[in-house]
Amino acid sequence: MPPPCSPLDGAPDTTPPAVTREGFRNAMARLGAAVNIVTTDGPGGRHGFTASAVCSVTDSPPTLLVCLNKGSSAAGPVHANGVVCINTLAAGHEPLSNLFGGRTPPEERFASGAWRVAATGAPMLVGAVVAFDCRIVRTVEVGTHNVLFCEVVGVAEGGSHESLIYYSRRYHTLSGPTDD
Ligand SMILES: NC(=O)C1=CN([C@@H]2O[C@H](COP(=O)(O)OP(=O)(O)OC[C@H]3O[C@@H](n4cnc5c(N)ncnc54)[C@H](O)[C@@H]3O)[C@@H](O)[C@H]2O)C=CC1
Ligand SMILES: Cc1cc2nc3c(=O)[nH]c(=O)nc-3n(C[C@H](O)[C@H](O)[C@H](O)COP(=O)(O)O)c2cc1C
């Protein structure tokens, strides 16, 4: 007996998906996440985009993943350069997050904020809570996105203890302990 959801005899499956894109996004809006600006530079040019889909994979070797929409204007430069710097935003970085969140030409994005060049050549944001300088070691295509596996080759911890959080389609600030 076939499983209950399989199409019959090769006929097109017209069953609506159990979870729609809108339903998925509404559900995802309930997950709070740190906001990052993922930057790149190299032969493909300087670029950067705002990303909340960033996650730790393993500490051996230290690896993060980033989900990048294949339709983003940053996708070509990221793949050509093979390096990224993941800059985790602090309180007060909302305008920068919106600037890197789309529709602005890449060089205009970097006109705001103070940037230095990390060891890989990717731009590192002065004032980030933390910045991870990375080489992309693997890319896996899933639906609309590429999952970038990024080996961390350098870390810079900033002075801010107030992290920018995206939750319920709005920005929030999360305060951590300060150094004594
Ligand atoms: N993973 C991604 O690609 C994300 C993309 N965005 C982009 O920023 C815009 C503004 O975000 P919201 O105000 O939260 O509006 P929204 O209602 O479109 O998204 C709600 C939540 O769904 C998830 N999401 C949104 N677009 C997605 C995508 N294409 N693939 C996978 N997950 C996605 C994210 O967790 C997001 O916070 C979105 O329309 C989207 O284009 C935002 C967050 C994550
Ligand atoms: C808060 C926030 C989080 C986002 N997270 C992601 C993400 O994780 N992955 C992604 O591909 N795009 C994400 N985006 C959308 C990209 O930042 C945006 O599409 C990107 O800058 C490309 O736009 P462009 O094609 O105009 O350059 C996010 C946007 C915002 C405002």
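Counting convention: from 1, in listed order, for ligands and their atoms alike. Quick caveat, the model's predicted, so the values are computed rather than measured. Start at 1 with the first residue, then count along the sequence.
Heavy-atom minimum distance, H79 versus L148: CE1-CD2, 3.5 Å.
R169 and N26 share a side-chain donor-acceptor pair at under 3.5 Å. In summary, the side chains of N81 and T40 do present a donor paired with an acceptor at a separation below 3.5 Å, with no hydrogens or angles considered. No donor-acceptor contact under 3.5 angstrom links the side chains of T39 and H47, judged on distance only. In the model, S175 has a side-chain atom that pairs as donor or acceptor with a side-chain atom of E162 under 3.5 Å. Counting only N and O atoms by type, the side chains of T139 and N146 include no donor and acceptor under 3.5 Å apart. Side-chain contact check for Y166 and N36: no donor-acceptor pair (N or O, by modelled atom type) lies under 3.5 Å.
By the 4.0 Å heavy-atom criterion, K70 is excluded from the residues contacting ligand 2. H145 counts as a contact of ligand 1, since one of its heavy atoms falls under 4.0 Å from the ligand.
At a heavy-atom distance under 4.0 Å, only side-chain atoms of R109, from C-beta outward, approach ligand 2. Heavy atoms of P106 found under 4.0 angstrom from ligand 2: none, in either backbone or side chain.
The ligand atoms of ligand 2 that sit less than 4.0 angstrom from a heavy atom of A53 are 8 (O). Atoms of ligand 1 lying under 4.0 Å from at least one heavy atom of S52, given by number and element, are 43 (C), 44 (C). Every atom of ligand 2 is numbered from 1 in the order shown, and the set under 4.0 Å from a heavy atom of S72 is 20 (C), 22 (C), 25 (O).
For atom 12 (P) of ligand 1, the closest non-hydrogen atom on the protein side is Y166 OH, 3.2 Å. For atom 5 (N) of ligand 2, the closest heavy atom belonging to the protein is S52 N, 3.0 Å. The protein heavy-atom contact nearest to atom 32 (N) of ligand 1 is F24 CE2, 3.9 Å. If you check which protein heavy atom lies closest to atom 2 (C) of ligand 2, you get T50 CG2, 3.7 Å.
Clustering of Ile, Leu, Val, Met, Phe, Trp and Tyr side chains at separations under 4.5 Å places L174 together with I165, Y167.
For R169, a nitrogen or oxygen atom sits less than 3.5 Å from a nitrogen or oxygen atom of ligand 1, counting backbone and side chain alike.
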Worked verdict on N69 versus T144 for side chain to side chain donor-acceptor pair (under 3.5 Å): CA-CA 6 Å; N69 196 310; T144 53; 4.8 Å; no
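Of the candidates M28, R170, R25, R21, it is R25 that places a heavy atom closest to atom 26 (N) of ligand 1.
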